[in-house]
There are 2 protein chains.
Amino acid sequence: MLPSNKITLKKIAHDLNMSTSTISRALRDNHEINAVTKERILAYARELNFRPDTIARTLRNGKSKTIGVVLSTVENPFYSQVINGIESAAYQSGYNVCITQSHESYDLEKMQVAHLTRNSVDGILMSLAAGTTDTTYLKRIKDAGLPIVFFDNIDQGIDSHKVVADNFKGAFEATSQLLNSGYKNVAFISGPANNSITVERMAGYLKALTQNGIIANEATIKYCMHDGENDCEIENAIDELFLLDNRPDAIFTATDNVSTKVFQSIRRREIQIPDEVALFGFTNSKLAELTFPALSAVHQPGFEMGKKAAEMLLDLIKNNRSNTEYQTVVLPVQLFSRASSGSITILG
Amino acid sequence: MLPSNKITLKKIAHDLNMSTSTISRALRDNHEINAVTKERILAYARELNFRPDTIARTLRNGKSKTIGVVLSTVENPFYSQVINGIESAAYQSGYNVCITQSHESYDLEKMQVAHLTRNSVDGILMSLAAGTTDTTYLKRIKDAGLPIVFFDNIDQGIDSHKVVADNFKGAFEATSQLLNSGYKNVAFISGPANNSITVERMAGYLKALTQNGIIANEATIKYCMHDGENDCEIENAIDELFLLDNRPDAIFTATDNVSTKVFQSIRRREIQIPDEVALFGFTNSKLAELTFPALSAVHQPGFEMGKKAAEMLLDLIKNNRSNTEYQTVVLPVQLFSRASSGSITILG
DNA sequence: GTGAAAGCGCTAACAC
DNA sequence: GTGTTAGCGCTTTCAC
């Protein structure tokens, strides 16, 4: 017997007086092997609790059975729900998941993608960082043959599978509800101007205004280039809105992070919600219904988005499709109208 | 020139008419190499945008420069903060981070650890799943030479570095505040009975009772074996508490998940907080101050815990210490006394 | 049905 | 200072 500190095919082969290729065949359910031999090998491998080395296998096969995920931050409850969806689909297919964060930074995002590719992931799921405008580096990687599926904050320039929420409808309905409740001057605070998410939600917002015979006012539209993570983005936006002659009586906040931050800030300023200003946002936080006042929000199907995106990626990986018709899946959102937008709170 | 679809040392060596070892040396800043040759190689490598294959390097070196993390779920804000701390320390040392979730299940946890070891991580950071009681499998892995640092929910049985919050003090102070506010009958709801976290927080709770001349009542102590994630754990616990002859007038909830869930349930039942029952919990959610009523809570230093644990792990990895004196670091917690425990809410 | 041998991309003795 | 060689653990021709 060879020393037992590291169990390898070689050791098993030596102990059993066979060749490594036979052992390899037995363990991978290869058909060209004697049933008795196979049983003997499997029994011994089980006894030693042998687990084939993934790294060696990856190097040899060129496939790691791992998919990489790049998103802004797991601290955002929406994304942590997405992760659970991704895992559920991946594990079912015997794939591993490696989660990385871009913290809304282009440089970090690029670094994470580089890490993932160098670690031979079989495909990448990603939601772009707020700070990302140039995606040529992704296009290059995709063209080199690595499947990429985009979700949430997607890139319009790259042709690939995409999964998004119905951002337009969510924003349209939320804004419409504010207007229907009697608010006249609905402001808009969102993430970066160029993001797909912002663009779509903005369109929904504008449509609702138009449909109510309101002409959009540039001054009541605010963007946060760092999705509200930068020092004074939120504070400045609110300050500016409240200094307007025609001060807004409602705000539609278009991202999860911006929604919580704006809510926090307004509460800190001891401005009455919804009497002085009504709020309707986007959030997946389970605490939204427990805040004071309960926060009206558009809820995105996080789990489903992750699951669907992972399924599409796995399909690309397994079937090695290069010239597929790529599709964009749009998932429905749910509206929760609560006290912060002037509605009556109904818990549960 | 060799075909350019895959850039390897071999290709560079061929193109430059050198040996792969020379290329390897140049790229790894080896000293035994001619400065001019080195520059030529680096220039060409840069031109091709060459990135050495991590998998091959890992197989060869036996080190992946990656640390694995196992925790219950990133959906818990405390853990997502821990992750950010881990990343900050790891990136600084040029290490990658691979995050996995156990969802409080022993089997999943074991599977994740197996995945990580087979993928040759250089060390593991872990907080035990609620469902884990037998840690012999971890002991085996650690004894085989893989460094493991425990954080948050730790294992008393394995000798290794550990990082925890001051659970005893947090629980003691929280319970004391409830008692000082005039509540007479403070109940306790926590995660699984055997968890290190529960044990310590329970001890703090009991100490506070004793110090106030109160004898603990078994009937007002509830455990949730799945940390509140299982169907009716929370509902049953609350039902039982409220059916007692001597109904509690306050509840100390001892984990992040249990705290939010209990709060949610009490609000749904339309029981007045704190008038009918006061609440004091453990949570890292940033929305705690915005709930109604604002939720009194013990806040753990998530970022610091992750950072410290990662630093200790990296120290074990880099210095290859096998016979170190292992230490347990206890980090201070912060108390936020708010309206749910009968205090006045102060925002900000 | 089984074994021998080559090689995935890289590093590290060891020669020269 | 540079090249040759072996080998990390695995899979896969290709013989037999």
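- Under the 4.5 Å side-chain criterion, counting only non-hydrogen atoms from C-beta, B:His161 is not in contact with B:Thr328.
- Using modelled atom types, one finds a donor on one side chain and an acceptor on the other under 3.5 Å when comparing A:Asp134 with A:Thr136.
- For DNA chain C, the residues of residues 35-42 of chain A within the heavy-atom distance limit of 4.0 Å (strictly under) are A:Thr37, sorted by number.
- For the residue pair A:Glu87 and B:Gln101, a side-chain donor N or O sits within less than 3.5 Å of a side-chain acceptor on the partner.
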- Message: Test side chain to side chain donor-acceptor pair (under 3.5 Å) on B:Asn153 and B:Ser196; report intermediate values, then the result.
- Response: CA-CA 6 Å; B:Asn153 194 29; B:Ser196 72; 3.1 Å; yes
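- The stretch residues 110-123 of chain A does not touch DNA chain C, since none of its heavy atoms comes less than 4.0 Å from the strand.
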- Contact state string [nucleotides 11-16 of chain D, B base, S sugar-phosphate only, - no protein heavy atom under 4.0 Å]: BB----
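- Comparing the local axis fitted to the first five base pairs of the helix from C:dG1-D:dC16 to C:dC16-D:dG1 with the one fitted to its last five gives a bend of 50°, rounded to 10°.
- Straight-line distance from the CD1 atom of B:Ile55 to the P atom of C:dT11: 13 Å, rounded to whole Å.
- Rounded to a whole Å, the CG atom of B:Leu16 is 10 Å from the P atom of D:dG3.
- Between the CD atom in A:Glu311 and the OG atom in A:Ser88 there is a gap of 7.0 Å [rounded to 0.5 Å].
- Taking atom NZ of residue B:Lys63 and atom C1' of nucleotide D:dC8, one finds them 14 Å apart after rounding to whole Å.
- Contact annotation: A:Lys6 reaches the phosphate of D:dG9 (side-chain N/O to OP1 or OP2, under 4.0 Å).
- Put simply, A:Ser19 has a side-chain N or O that comes within less than 4.0 Å of OP1 or OP2 on C:dG3.
- Using cut-offs of 30° and 60° for the angle between ring planes, the A:Tyr91 and B:His115 rings count as tilted.
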- Task: Go through the steps for A:Asp53 and A:Arg57 under the test salt bridge (Lys or Arg N to Asp or Glu O under 4.0 Å), then give the verdict.
- Result: CA-CA 6 Å; A:Asp53 184 310; A:Arg57 207 173 240 188; over 6 Å; no
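- Taking the side chain as every heavy atom from C-beta outward, B:Ile154 and B:Leu128 never approach each other to under 4.5 Å.
- Taking atom CD1 of B:Ile33 as the reference point, atom C1' of C:dA12 lies 14 Å away to the nearest angstrom.
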Donor-acceptor pairs under 3.5 Å, side chain of residues 139-151 of chain A to any protein atom, not counting sequence neighbours: which ones?
from: A:Lys139; atom 1: NZ; to: A:Asp143; atom 2: OD2; distance (Å): 3.3
from: A:Lys142; atom 1: NZ; to: A:Asp159; atom 2: O; distance (Å): 2.8

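- When each of B:Leu71, B:Thr135, B:Thr100, B:Thr132 is paired with B:Glu109, the side-chain contact (heavy atoms from CB on, under 4.5 Å) condition holds for B:Thr132 and for no other.
- Rounded to whole Å, the distance from NZ on B:Lys10 to P on D:dT5 is 14 Å.
- Rounded to whole Å, atom P of C:dG9 lies 10 Å from atom CZ of B:Phe50.
- Atom pair A:Met18:CE and C:dA5:P shows a separation of 19 Å (rounding to whole Å applied).
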- Task: For the pair A:Ser21 and A:Ser24, evaluate side chain to side chain donor-acceptor pair (under 3.5 Å) and give the outcome as yes or no after the intermediate values.
- Result: CA-CA 5 Å; A:Ser21 40; A:Ser24 174; over 6 Å; no
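- Remark: A:Thr22 is not in phosphate contact with C:dT2, judged by side-chain N or O atoms under 4.0 Å from OP1 or OP2.
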- Message: Applying side chain to side chain contact (heavy atoms under 4.5 Å, CB included) to B:Ile317 and B:Ile67, what does each step give before you reach the verdict?
- Response: CA-CA 10 Å; B:Ile317 293 171; B:Ile67 61 181; 3.7 Å; yes
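- A 6.0 Å sphere centred on NZ of A:Lys307 holds no more than 12 heavy atoms belonging to other residues, nucleotides or ligands.
- Applying the side chain to side chain contact (heavy atoms under 4.5 Å, CB included) rule to B:Gln92 yields no partners; only residues at least two apart in sequence or on another chain are considered.
- Contacts of B:Leu59 with the nucleic acid, taken as non-hydrogen atoms under 4.0 Å apart, include base atoms.
- Residue B:Lys65 contributes atom NZ, which lies 13 Å from atom P of C:dT11 at whole-angstrom precision.
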